[in-house]
Amino acid sequence: MKKLSTVCGALALLLAGCTTVESTQKFNALGLGTPNEKAVCHTYVEIPGVFLFGLPIVVGSPKGDGEWTMFQWTLNSENAVYMLTKEAKSKGAARVINVNVSSTTDTVFPPFVSYRKFMASGTGVRSRSAAVNNAARQYDMAP
């Protein structure tokens, strides 16, 4: 029984992976923003998890990229959008547009084990006035 538990735990870790946050700032000279705002980044967040009878076993953590947690329910839109906006803000965005949130569920061993993913993506944009204000704030803070 102990050996089976160890194998199941290792399998859950391999299947689950951890939270992924990816951002790009290369747009091939195409404007992804609006007429009054410039795109700063496009960000993708993925929170995976392995569930046994619908209860979380190993799930990606909302704390950051490459993190995971055990026995906690973190697959929800609140965590995904929080990580999305946090990453966009770190890239200098004033707001996020075109936010898309989705979820998938795959049954690995019906009906016992399932693999779920919660994904969110969006484009971080900044207006000209926000860029000027940010530059002025950075100038004022410099020695």
Side-chain angles (χ1 to χ4, degrees), residues 1-138 141-142:
M1 186 67 177
K2 194 184 239 185
K3 194 182 283 187
L4 178 63
S5 297
T6 304
V7 169
C8 287
L11 181 62
L13 283 173
L14 288 174
L15 286 174
C18 24
T19 300
T20 303
V21 178
E22 297 178 2
S23 247
T24 184
Q25 294 178 300
K26 297 182 180 181
F27 304 118
N28 288 330
L30 293 176
L32 294 180
T34 65
N36 298 325
E37 297 172 313
K38 182 178 180 181
V40 176
C41 65
H42 187 80
T43 305
Y44 172 77
V45 173
E46 181 177 295
I47 307 173
V50 175
F51 292 78
L52 179 65
F53 295 113
L55 300 173
I57 302 299
V58 177
V59 185
S61 172
K63 292 180 183 174
D65 194 11
E67 299 282 330
W68 58 272
T69 185
M70 294 184 71
F71 310 118
Q72 294 181 5
W73 187 271
T74 60
L75 267 69
N76 57 41
S77 60
E78 181 179 347
N79 290 336
V81 171
Y82 168 76
M83 290 175 25
L84 174 71
T85 54
K86 181 180 172 185
E87 177 70 12
K89 191 173 188 178
S90 74
K91 301 291 184 189
R95 69 187 193 109
V96 179
I97 61 172
N98 302 329
V99 175
N100 184 17
V101 179
S102 63
S103 176
T104 62
T105 302
D106 297 318
T107 305
V108 179
F109 299 111
F112 308 111
V113 179
S114 61
Y115 179 74
R116 298 179 187 174
K117 286 192 295 187
F118 212 91
M119 298 146 301
S121 67
T123 304
V125 295
R126 178 175 52 196
S127 67
R128 182 177 195 80
S129 63
V132 169
N133 290 340
N134 189 27
R137 202 170 31 253
Q138 287 179 353
M141 291 175 62

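Below, all heavy atoms of this structure are taken into account, side chains as well, without hydrogens, waters or symmetry copies.
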Contacts under 3.5 angstrom, residues 101-109 side chains, donor-acceptor by atom type, not counting sequence neighbours:
from	atom 1	to	atom 2	distance (Å)
Ser103	OG	Lys117	O	3.4

Please report the shortest heavy-atom distance between [X] and [Y], naming the atom on each side.
X      : Y      : answer
Val125 : Ala39  : CG1-CA, 4.0 Å
Pro48  : Tyr115 : CB-OH, 3.5 Å
Gly60  : Thr74  : O-OG1, 2.6 Å
Ala88  : Val96  : CB-CG2, 3.7 Å

Can you tell me how far apart [atom1] ([X]) and [atom2] ([Y]) are? Round to the nearest 0.5 Å.
X      : Y     : atom1 : atom2 : result
His42  : Ile97 : NE2   : CD1   : 10.0 Å
Ile57  : Leu52 : CD1   : CG    : 4.5 Å
Ser129 : Glu37 : OG    : CD    : 9.0 Å
Thr24  : Tyr44 : OG1   : OH    : 14.5 Å

- prompt: Are Leu75 and Phe51 side-chain neighbours, meaning at least one heavy-atom pair lies under 4.5 Å?
  reply: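 Heavy-atom side-chain distance check passes, below 4.5 Å.
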Contact check, side chains of Ser121 and Asn100, non-hydrogen atoms, under 4.5 Å: yes
- prompt: Counting only heavy atoms not in Lys91, do more than 12 sit closer than 6.0 Å to its NZ atom?
  reply: yes
Derivation of the side chain to side chain contact (heavy atoms under 4.5 Å, CB included) call for Arg126 and Lys38: CA-CA 5 Å; Arg126 178 175 52 196; Lys38 182 178 180 181; 5.8 Å; no
Table please: side-chain donor-acceptor pairs of residues 80-87 below 3.5 Å, with sequence neighbours left out.
from	atom 1	to	atom 2	distance (Å)
Thr85	OG1	Val81	O	3.0
Thr85	OG1	Tyr82	O	3.0

task: Would you please name every residue forming a ring-ring contact (aromatic ring centres under 6.0 Å, His included) with Phe71, sequence neighbours left out?
output: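 Applying ring-ring contact (aromatic ring centres under 6.0 Å, His included) to Phe71 gives none.
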